[in-house]
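Just below is one structure, and these are the notes that go with it.
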Amino acid sequence: MKRKFIVVVVVLLVGAAGWFLYYFSDQQVIKRKFSAIAVSLSKDGEETPVMIALKMRPVKDFIGPACEVTVVERNYHEILEPGLVIRYLIMYRSRQANLRVTLDEILVEVPSKGRGEVSALVHVIANYNQPDFFDETHRVTFSLQKQEKTWLLHRARLPDALVRR
């Protein structure tokens, strides 16, 4: 009886350790971070400036000190500071009556320690119940770097259709 109890406890400890290692792995941390950012970018109706600031804070904290943005179709390549990225996102969101952003098929690779590559399908639904309604899905890629135990966005490759609306 005592031996069975010890075996059960060991199995539970190994299971808990496995779950802990999986949940806090770099891939899972990055996936959760991107999902949270998508929620922050979403908008449902008018927002006060304080609401906008509170929603954009996690996004700003996720962007590295210099973020390289590339839009291949426009031959656009620029290194932007977090403040400019946030300003663009606020302007983009302000043009939409409502906005829902979700990330599907988030594929995370960690090719070396402190570097991450992410590919995701961004699903954007905006202005539902409006004449200028749109529902689009686009593939985007990101590069991240880990600084002081935090993953930061350092490169974004976006399709033209995602930035022109």
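Everything numeric here is computed off the predicted structure, so don't read it as measured data. Just so you know, these numbers use all the heavy atoms, side chains as well, and skip hydrogens, waters and symmetry mates. One-based numbering along the sequence shown.
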Next item on the list: Hey, could you give me the CZ/CG distance between Arg100 and Asn98, rounded to the nearest 0.5 Å?
Entry: 10.0 Å

Checklist line | Closest contact, heavy atoms only, Pro58 versus Ile37 | finding: O-CD1, 3.6 Å

Check: Do Ser35 and Ile106 touch side chain to side chain, with heavy atoms closer than 4.5 Å?
Finding: yes

Next item on the list: Measure the acute angle between the ring planes of Tyr23 and Trp19, then classify it against the limits of 30° and 60° as parallel, tilted or perpendicular.
Entry: parallel

Notebook entry, point to check: Which atom names give the shortest non-hydrogen contact between Gln147 and Pro65, and what distance separates them?
Noted result: OE1-CD, 4.2 Å

Item checked: Sub-4.5 Å side-chain heavy-atom contact between His77 and Glu68 -> yes

Notebook entry, point to check: Any idea how Phe142 and Phe34 line up, ring-wise: parallel (<30°), tilted (30 to 60°), or perpendicular (>60°)?
Noted result: tilted

Checklist line | Derivation of the side chain to side chain contact (heavy atoms under 4.5 Å, CB included) call for Phe133 and Ile125 | finding: CA-CA 8 Å; Phe133 167 82; Ile125 300 173; 3.7 Å; yes

Notebook entry, point to check: Distance from Arg95 atom CZ to Asn127 atom CG, nearest 0.5 Å?
Noted result: 10.5 Å

Notebook entry, point to check: Which pair of heavy atoms, one from Gly64 and one from Pro82, lies closest together, and at what distance?
Noted result: O-CG, 3.3 Å

Next item on the list: Please report the C-alpha distance between Trp151 and Asp26 in whole Å, then the side-chain angles of each, then the deciding distance to 0.1 Å, and finally whether the side chain to side chain contact (heavy atoms under 4.5 Å, CB included) criterion is met.
Entry: CA-CA 9 Å; Trp151 286 100; Asp26 287 335; 3.5 Å; yes

Item checked: For the student: nearest non-hydrogen atoms of Val71 and Pro159, plus distance -> CG1-C, 4.2 Å

Notebook entry, point to check: Can you find a pair of side-chain heavy atoms, one from Leu103 and one from Val122, that are under 4.5 Å apart?
Noted result: yes

Notebook entry, point to check: From Ser40 OG over to Lys60 NZ, what is the distance, rounded to the nearest 0.5 angstrom?
Noted result: 14.5 Å

Notebook entry, point to check: Any idea which heavy atoms bring Gln96 and Ala126 closest together, and the distance?
Noted result: OE1-CB, 3.7 Å

Checklist line | Step-by-step side chain to side chain contact (heavy atoms under 4.5 Å, CB included) determination, Asp135 to Tyr128 | finding: CA-CA 9 Å; Asp135 182 348; Tyr128 36 92; over 6 Å; no

Checklist line | Rounded distance [0.5 Å steps], NE2 in His138 versus NE2 in His123 | finding: 9.5 Å

Notebook entry, point to check: Any sub-3.5 Å donor-acceptor pair from Lys43's side-chain atoms to Ile52's backbone N or O?
Noted result: no

Margin query: Please determine whether side chain to side chain contact (heavy atoms under 4.5 Å, CB included) holds for the pair Tyr92 and Leu41, giving the CA-CA distance in whole Å, both sets of side-chain angles, and the decisive distance to 0.1 Å.
Written below: CA-CA 10 Å; Tyr92 183 88; Leu41 292 175; over 6 Å; no

Check: Does a side chain donor of either Ser119 or Arg139 reach within less than 3.5 Å of an acceptor in the other side chain?
Finding: yes

Notebook entry, point to check: So, for Met56 and Ile86, which heavy atoms are closest and what is the spacing to 0.1 Å?
Noted result: O-CD1, 3.9 Å

Next item on the list: With rounding to the nearest 0.5 Å, note down the distance linking CZ in Arg115 to CD in Glu117.
Entry: 5.5 Å

Notebook entry, point to check: Are the side chain of Tyr88 and the backbone of Val163 linked by a donor-acceptor contact shorter than 3.5 Å?
Noted result: yes

Next item on the list: Find the distance between CG (Leu152) and NZ (Lys33) and round it off to the nearest 0.5 Å.
Entry: 8.5 Å

